[in-house]
Asker: 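Pasting in a structure now, in structure tokens, and then I'll have a few things to ask.
Below, chain A is the first sequence line, B the second, and so on; all start at residue 1. On a predicted model such as this, the values are computed, not experimentally measured, just so you know.
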Amino acid sequence: MTLRLYDTMAREKRVFKPQDPSRVTMYVCGPTVYNYAHIGNARPPVVFDVLRRLLGHIYGEDAVIYARNITDVEDKIIASSLESGEAIADITRKYADIYNADMASLNVRAPDIEPWATKHIQGMIRIGESLKRKGYAYVTKDGLYFQVDQMDDYGKLSGRKQEDNEAGARVAVDEGKRNPSDFAIWKFAKEGEPEEAIWDSPWGRGRPGWHIECSAMIKAELGDTIDIHGGGIDLTFPHHENEIAQSECAHGETLANYWLHNGFLDMEGEKMSKSLGNVKLVHDLAKDWPGEVLRYALLSGHYRAPLDWTRSLLEQSKTSLDRIYGALRRVWGDGNVEPDDRHGVRAKLMDDLNTPLALAELHALASEANKAADEKNERAMETVRNMLVDAGSALGILSMTPAQWEQGGDDDDSARIDAMVQARVEARANKDWAEADRIRNELAAEGIEIMDGGGGSTWRRV
RNA sequence: GGCCCUGUGGCGGAGUGGUGACGCAGCGGAUUGCAAAUCCGUGUACCCCGGUUCGAGUCCGGGCGGGGCCUCCA
């Protein structure tokens with residue numbers, strides 16, 4: 001079974017071959033930490049978390065090194081600090097913590113390495129010096145710039161030629177640049193900017209440009225050439241194009257062998273934007289929906305396709321998970337799970353992370369589980385339970401026990417409900433249907449659904 | 001203006017050229033004290049027009065519709 005990934009550079013699916021199977025490297029562009037993450041921001045971490053899990057399964061957990069950075073120096077962070085008076089380090093620490101907590105609520109495992117941009121300033125300066133020495137960079141009154149026409153294959157990732165960019169694009173206002181497409185490697189500090197965001201460099205005091213941080217962190221943490229580089233589709237140009245330009249011109253090596261990009265989220269059919277007021281924060285969504293519902297919704301479409309984020313999508317995702325957890329409950333037994341990978345979920349993921357097909361496989365397992373339970377086939381129940389849990393872990397769902405999923409919440413309240421359900425079981429045994437129905441109705445009124453089965457009754461919050 | 005992606009049943013969403021996944025919703029049946037849950041069954045879906053082919057949702061061309069990027073937005 002081979003892993004195939006769609007490579008943006010090649011514009012086709014390619015069989016994945018790491019440079020070194022004992023050290024598989026992946027880098028994904030992480031957040032700029034100055035506010036809460038919205039659900040669109042969560043798509044890359046979730047998608048690449050699935051890939052990280054898959055790579056770990058194929059090559060061994062310890063053989064994969066996944067880095068996701070924190071951008072903690074940037075214009076908007078500086079603006080936020082100047083406005084609130086809060087120290088930059090405090091702002092970035094706070095929002096990085098919130099980001100990681102939000103991602104954890106979506107069952108996103110922490111990356112193996114989380115480099116912070118400001119810890120890599122010297123590495124950025126070294127790349128800048130190298131580029132300047134080799135004639136790829138020049139100094140203006142505003143900073144150090146990369147000269148794109150010095151690089152023969154600039155634009156190879158996004159497939160755009162320089163002429164194309166200039167045709168109808170907004171014109172860059174910086175007259176100091178030799179070409180409008182030239183971009184900043186280092187920006188000189190301006191009057192009034194906080195000392196916290198200023199470093200010395202051979203060219204003058206200032207701070208790094210956006211693209212250089214990833215070049216430096218990849219070099220320092222993972223090496224000259226990494227296996228996989230990922231991020232949102234919007235980063236293809238200019239961000240990743242410029243990373244390639246800097247890294248490859250400075251080091252003379254290919255930056256990444258596979259480029260993966262996820263598609264955007266729409267909100268109820270519209271573009272998500274502040275002006276439309278339809279930005280949904282993970283932090284807020286998590287108050288109304290279990291994290292696994294949000295994750296299921298994100299994985300319900302293929303990662304490269306646009307995904308329309310709607311209320312209906314969330315409701316359907318919730319119902320689907322209810323069905324799967326319900327099946328898991330019926331085969332749960334004593335809950336001693338021995339992960340069993342004899343299922344089809346990973347095979348579907350091997351084809352460019354086809355999560356919709358993988359979820360279809362999961363539903364097939366749920367059907368098997370229900371059938372095994374109907375037939376009271378103990379061996380089949382045990383096997384399918386082990387497969388369900390393993391399949392879920394491949395996708396980062398089914399991380400709870402069925403009881404936690406269906407009855408999670410206030411323990412005292414659960415005890416009260418258990419008692420009522422037990423009372424109803426006794427009423428039914430006495431054929432006191434009026435009392436049995438009364439209890440069921442009372443529980444239904446507070447959102448508790450009772451499920452009667454051969455072996456007794458159970459309940460869940462709906 | 002340039003580059004790129006996309007258009008499948010009521011909804012979401014797969015699909016290697018050959019009797020159209022899967023889930024949600026609906027309908028029928030089984031089961032149930034009645035329900036729920038579950039199981040079984042069930043759907044005149046592939047934007048339009050040409051072309052290639054024995055055969056196209058699947059390839060090619062042209063339309064129409066939607067979306068993204070074109071300097072710091074996942």
Side-chain angles (χ1 to χ4, degrees), chain A residues 8 11 28-32 37-47 71 74-76 155 158-161 163-174 177 180-184 187 209-211 230-239 241-242 261-266 269 271-274 296-297 300-302 304-308 310 312-313 315-324 326-327 329-330 348 351 354-364 366-367 369-371 373-375 428 431-433 436-437 440-441 444 449-454 457-460 462:
Chain A
T8 305
R11 286 185 171 61
V28 172
C29 292
T32 300
H38 58 65
I39 190 64
N41 295 128
R43 198 174 190 190
V46 167
V47 164
T71 296
E74 204 265 347
D75 288 2
K76 288 191 285 287
S158 54
R160 61 186 86 218
K161 305 186 177 86
E163 310 85 78
D164 300 338
N165 285 338
E166 293 165 45
R170 282 170 282 174
V171 180
V173 284
D174 188 343
K177 293 199 286 187
S181 296
D182 291 352
F183 57 90
K187 299 156 88 164
W210 177 33
H211 319 297
I233 185 76
D234 58 313
L235 298 182
T236 310
F237 188 92
H239 184 52
E241 200 71 77
N242 291 349
H261 294 97
N262 64 274
F264 260 38
L265 241 55
D266 287 330
K271 177 176 177 165
M272 172 161 49
S273 72
K274 278 186 184 167
Y296 188 106
S300 67
H302 185 89
R304 281 189 284 117
L307 179 68
D308 195 18
T310 63
S312 164
L313 174 68
E315 286 167 352
Q316 290 188 16
S317 299
K318 169 74 164 63
T319 311
S320 294
L321 274 169
D322 282 343
R323 167 178 143 79
I324 299 169
R329 177 193 73 240
R330 299 185 64 200
K348 302 305 180 188
D351 184 13
N354 195 329
T355 51
L357 275 183
L359 290 172
E361 289 288 331
L362 203 57
H363 279 283
S367 293
N370 281 321
K371 270 179 257 187
D374 281 350
E375 294 162 7
R428 290 184 73 218
K431 295 200 188 317
D432 184 353
W433 309 127
D437 290 351
R440 185 169 64 196
N441 290 336
E449 185 175 277
I450 292 188
M451 291 158 293
D452 295 330
S457 298
T458 184
W459 59 274
R460 68 180 179 192
V462 290

Asker: Taking it one step at a time, do A:His363 and A:Ser320 satisfy side-chain contact (heavy atoms from CB on, under 4.5 Å)?
Answerer: CA-CA 8 Å; A:His363 279 283; A:Ser320 294; 3.9 Å; yes
Asker: Taking atom C1' in both B:G20 and B:C70, what distance in whole Å separates the two?
Answerer: 39 Å
Asker: Could you check which of B:A37, B:A74, B:C72 has an atom nearest any side-chain atom of A:Lys187?
Answerer: B:C72
Asker: Of the listed nucleotides (B:G12, B:G68, B:C73), which one gets closest to any side-chain atom of A:Ile233?
Answerer: B:G68
Asker: Describe the nucleic acid contact of A:Ser300 in one word from base, sugar-phosphate, nothing, applying a heavy-atom distance below 4.0 Å.
Answerer: sugar-phosphate
Asker: Using whole Å, what does the distance between atom P of nucleotide B:C73 and atom CZ of A:Phe183 come to?
Answerer: 16 Å
Asker: Measure the distance from CG on A:Leu265 to P on B:G13 and round it to the nearest whole Å.
Answerer: 11 Å
Asker: Provide the distance between the two P atoms, one in B:U16 and one in B:U58, to the nearest whole Å.
Answerer: 12 Å
Asker: What is the distance, to the nearest angstrom, from the NE2 atom on A:His261 to the P atom on B:C70?
Answerer: 13 Å
Asker: To the side chain of A:Asp234, which of B:C70, B:A74, B:G12 is closest?
Answerer: B:A74
Asker: What integer distance in Å separates A:Asp322:CG from B:A25:P?
Answerer: 10 Å
Asker: When the C1' atoms of B:G63 and B:G7 are considered, how many whole Å apart are they?
Answerer: 14 Å
Asker: Any strand is fair game: report the nucleotide pairing with B:C59 by Watson-Crick or G-U wobble, both distances under 3.5 Å, or none.
Answerer: B:G51
Asker: Could a donor-acceptor pair under 3.5 angstrom be found where the side chain of A:Asp452 meets the base of B:A35?
Answerer: yes
Asker: Using a cut-off of less than 4.0 Å, is there contact between a side-chain N or O of A:Asn370 and OP1 or OP2 of B:U38?
Answerer: no
Asker: Only pairs with both distances under 3.5 Å count, Watson-Crick or wobble alike; so what is the partner of B:U32 in this structure?
Answerer: none
Asker: Under a 3.5 Å limit for both distances, which nucleotide forms a Watson-Crick or G-U wobble pair with B:G26, could you say?
Answerer: B:U42
Asker: Report yes if a side-chain nitrogen or oxygen of A:Asn262 is closer than 4.0 Å to either non-bridging phosphate oxygen (OP1 or OP2) of B:A74; otherwise report no.
Answerer: no
Asker: When you get a sec, tell me which of B:G12, B:C69, B:C34 is the closest nucleotide to the side chain of A:Phe237?
Answerer: B:C69
Asker: Nearest-Å distance, CG (A:Leu307) to C1' (B:A14)?
Answerer: 14 Å
Asker: State which of B:C40, B:G33, B:C69 makes the closest approach to the side chain of A:Ala436.
Answerer: B:G33
Asker: If you find the nucleotide of RNA chain B closest to A:Trp433 and the one closest to A:Gly232, which residue's nucleotide is nearer the 5' end?
Answerer: A:Trp433
Asker: Taking NZ, NE, NH1 and NH2 as the nitrogens, is one of them in A:Arg330 or A:Asp374 under 4.0 Å from a carboxylate oxygen of the other?
Answerer: yes
Asker: Counting primed atoms plus P, OP1 and OP2 as sugar-phosphate and everything else as base, spell out the protein contacts along nucleotides 18-24 of chain B at 4.0 Å heavy-atom distance: B, S or - for each nucleotide, 5' to 3'.
Answerer: ---BSBB
Asker: Can you tell me how far CZ of A:Phe183 sits from NE2 of A:His211, rounded to the nearest 0.5 angstrom?
Answerer: 6.0 Å
Asker: Could you pull out all residues at least two apart from A:Glu74 that satisfy salt bridge (Lys or Arg N to Asp or Glu O under 4.0 Å)?
Answerer: A:Lys76
Asker: Considering Watson-Crick and G-U wobble pairs with both distances under 3.5 Å, what does B:C69 pair with?
Answerer: B:G2
Asker: What is the separation between atom CG on A:Asp266 and atom P on B:G12, rounded to the nearest whole Å?
Answerer: 12 Å
Asker: Grab the CZ-C1' distance between A:Arg329 and B:U38 for me, whole Å please.
Answerer: 9 Å
Asker: From the list B:C72, B:C34, B:G15, which nucleotide is the closest neighbour of the side chain of A:Asn354?
Answerer: B:G15
Asker: Taking C-beta and beyond as the side chain, do A:Thr71 and A:Cys29 meet within less than 4.5 Å on heavy atoms?
Answerer: no
Asker: If you define the side chain from C-beta out and look only at heavy atoms, does anything of A:Thr355 sit under 4.5 Å from A:His302?
Answerer: no
Asker: Check this for me: does any side-chain nitrogen of one of A:Asp432 and A:Arg428 sit under 4.0 Å from a carboxylate oxygen of the other?
Answerer: no
Asker: Hey, are A:Ser367 and A:Arg323 close enough side-chain-wise for a donor-acceptor pair under 3.5 Å?
Answerer: yes
Asker: Nearest whole angstrom, please: distance from the C1' of B:G15 to the NZ of A:Lys348.
Answerer: 10 Å
Asker: Select one nucleotide: of B:A36, B:C73, B:A74, the one nearest the side-chain heavy atoms of A:Glu449.
Answerer: B:A36
Asker: For a quick check, tell me whether the side chain of A:Arg440 and the base of B:C34 share a donor-acceptor pair closer than 3.5 Å.
Answerer: yes
Asker: Say whether, by atom type as modelled, one donor and one acceptor occur between the side chain of A:Glu241 and the main chain of A:Ser158 under 3.5 angstrom.
Answerer: yes
Asker: Please measure how far the P atom in B:G10 lies from the corresponding atom in B:U6, and state the result in whole Å.
Answerer: 23 Å
Asker: Under 5.5 Å centre to centre and under 30° between planes: does that hold for A:Phe264 and the six-membered base ring of B:G67?
Answerer: no
Asker: Identify which nucleotide among B:C4, B:U38, B:G33 has an atom closest to any side-chain atom of A:Asp437, counting heavy atoms from C-beta outward.
Answerer: B:G33
